[in-house]
Amino acid sequence: MHLKKENILIVDDDIHILELLQRHLQSWNYHTYKAVSVKEAVTILRDTSIDLLITDLKMPEIDGFELIKFVSEHYPNLPKLVVTGYPSVQDSLSAIKSGVVEYLTKPFTKEELGKAIEKSFNLKKTATTSLPTATILKDKSYGDIIGHSEKIKDVIQVIERVKDNKATIFIKGESGTGKELIARAIHYQGKFSRAPFIAVNCGGIPENLLESELFGYTKGAFTGAEKNREGFFQAANGGTIFLDEIGNASTAVQSRLLRVLQEKEVVKVGSQKAEKIDVRIIAATNSDLKDMIKKETFREDLYYRLTVVEIDIAPLRERKEDIPLLIEKFLFKYGVEYKDRFVQITPEASVILQRYNWPGNIRELENVIQRAVIMCDKIIEVEHLPDSLKFNIDFPDDELVSLKEMEKRYIQKVLATTNNNKTKAAEILGIDRKTIRQKLSE
Ligand SMILES: Nc1ncnc2c1ncn2[C@@H]1O[C@H](COP(=O)(O)OP(=O)(O)OP(=O)(O)O)[C@@H](O)[C@H]1O
Ligand SMILES: [Mg+2]
């Protein structure tokens, strides 16, 4: 029996079935993950790289249909095997347009299970090899990356081109735009996905430690270095190292990095010996490296080595058409996490989210929805959104108005949002009720 390393997630509310499946799978050397509910399954999917989903359909709270829908949307390449006691269910499954699904009817023998698993993996192969990039792009997500704007499609196209080779990649973008998400997608969608992905926040490690953390050190290299130690680069060998906030790397680290890029070798701190290394480097920053080069705090030669392939990820305000999809994703994610059910949003609240400029980008949107899900009952309404969003005025770009006109519109907007409650409106506006009345009569 050859060693299989695929990760299989089994979802069933019946512990006995879970254990039976696990025993069989383990006897074939698969890694297994168990979940007794859709909620648990979603958490595992989020944190782990799963290769096959085996799920029951009838489960309390959220059922297997919803899980299949979710997986088809968010993990379109993940093969699915449904284990069901109801053979007639096949029709309803195809009705939800969930893509390719394999079935196994209870009760089943070990042999039948083995065959169904084999078939599921094969379905995936035919599905992915026959899918040209164009078809993938028609979808609204790519791995965990959600979006159908031209800007996101361009990014996905670059990912498709680089994921199976080891070209050095540079990701540029404002905070919260998804730089790390993209780095992970490049690694996990590509053919080196079984090798390690190591993320290093160059800004989060004290400057004097970064060098030895990255490249390792030899015994006696500095006080406290009691034995030889590998660095992140050695740990990532064969896979990907993600150097986040690269602008924070000291000049010493920068020259060692240059050597890694030029010679494909690392030298531990305190050593002369070079070790061959085969790592894809992805660097990211939200600071202006060109400016740092001018100020001579970042090496120009390193900059050109790092930017072999550049991915410039646009801020959310430049791809607002992605907002509704992102809202849907986060509603599902946090609905399942906090409320055990799907949370909805009123059209009014949704419009406010789509109008806002999102200086903190997707991370800010995610936080706002997370908070609103916690605050609401079943439906997110305008009142569950932070004030800064509710009262954000957004005039069309080409409309320039006087201060007086702007004040009038803003007061009207606050009044509308507070259902004409003048006391509340006055509080928000930071003026008293009398002043509101006065301004309105003007
Ligand atoms: N296109 C997207 N689809 C779905 N989720 C996204 C997308 N872009 C970003 N996110 C989510 O937004 C959050 C922020 O993303 P990420 O950490 O990758 O941003 P970042 O650019 O690295 O930010 P920072 O510069 O602050 O480190 C994460 O939870 C990520 O999953
Ligand atoms: Mg980041």
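Just so it is clear, the values below take in all heavy atoms, side chains as well, and ignore hydrogens, waters and symmetry mates. Order of appearance sets the numbers: ligands from 1, and atoms from 1 within every ligand.
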Between the side chain of S271 and the main-chain N/O of V267, is any donor-acceptor distance below 3.5 Å? no
Which of the atoms in ligand 1, numbered in the order shown and given with their element, are less than 4.0 Å from a heavy-atom of I145? 1 (N), 3 (N)
Pick, from G178, G203, A183, G147, the option with the minimum heavy-atom distance to atom 16 (P) of ligand 1. G178
Specify the protein heavy atom at minimum distance from atom 1 (N) of ligand 1: its residue, its atom name, and the distance to 0.1 Å. I146 O, 2.9 Å
Between I182 and ligand 1, find which residue part has any heavy-atom pair under 4.0 Å and reply side chain, backbone, both or neither. neither
Is any side-chain N of the basic residue among E337 and K39 closer than 4.0 Å to the acidic one's carboxylate O? no
Nearest protein heavy atom to atom 22 (O) of ligand 1, by residue and atom, and its distance? E180 N, 3.3 Å
Between the candidates R363, K329, R184, R46, which shows the shortest non-hydrogen contact distance to atom 14 (C) of ligand 1? R363
Is the shortest side-chain N to carboxylate O distance from D312 to K151 below 4.0 Å? no
Tell me whether K34 is salt-bridged to E40, with the criterion being a basic N under 4.0 Å from an acidic carboxylate O. no
Measure the distances from the heavy atoms of G173 to every atom of ligand 1 and state whether one is below 4.0 angstrom. no
So, regarding S175 and ligand 1 (criterion: nitrogen or oxygen to nitrogen or oxygen, under 3.5 Å), is there a contact or not? yes
closest protein heavy atom to atom 29 (O) of ligand 1 is E366 OE1, 2.9 Å
Answer yes or no: does an N/O atom from G176 fall short of 3.5 Å to an N/O atom of ligand 1? yes
For I362, is at least one N or O under 3.5 Å away from an N or O on ligand 1? no
Proximal ligand 1 atoms for D144, defined as those under 4.0 Å from one of its heavy atoms: 3 (N), 4 (C)
May I have the step-by-step check of side chain to side chain donor-acceptor pair (under 3.5 Å) for N361 and E174, ending in yes or no? CA-CA 8 Å; N361 295 294; E174 287 180 14; 3.1 Å; yes
Tell me which protein heavy atom sits closest to atom 25 (O) of ligand 1, plus the residue, atom name and distance to 0.1 Å. K179 NZ, 2.6 Å
What part of N286, side chain from CB on, backbone N/CA/C/O, both or neither, has a heavy atom under 4.0 Å from ligand 1? side chain
Partners of N367 by side chain to side chain donor-acceptor pair (under 3.5 Å), sequence neighbours excluded? none
Short side-chain to backbone donor-acceptor contact, R256 and V266, under 3.5 Å: no
Students often mix this up, so state it plainly: with edges at 30° and 60°, are the rings of Y338 and Y334 parallel, tilted or perpendicular? parallel
Is the closest N or O pair between R319 and ligand 1 shorter than 3.5 Å? no
Contacts of type salt bridge (Lys or Arg N to Asp or Glu O under 4.0 Å), residue D291, not counting sequence neighbours: K295
Verify, without hydrogens or angle tests, whether S255 (side chain) and T251 (backbone) share a donor-acceptor contact under 3.5 angstrom. yes
Can you find an N or O of L181 that's nearer than 3.5 Å to an N or O of ligand 1? yes
Please determine whether a side-chain nitrogen of the Lys or Arg among D288 and K290 lies less than 4.0 Å from a carboxylate oxygen of the Asp or Glu. no
Please identify which atoms of ligand 1 are closer than 4.0 Å to at least one heavy atom of L326. 2 (C), 3 (N), 4 (C)
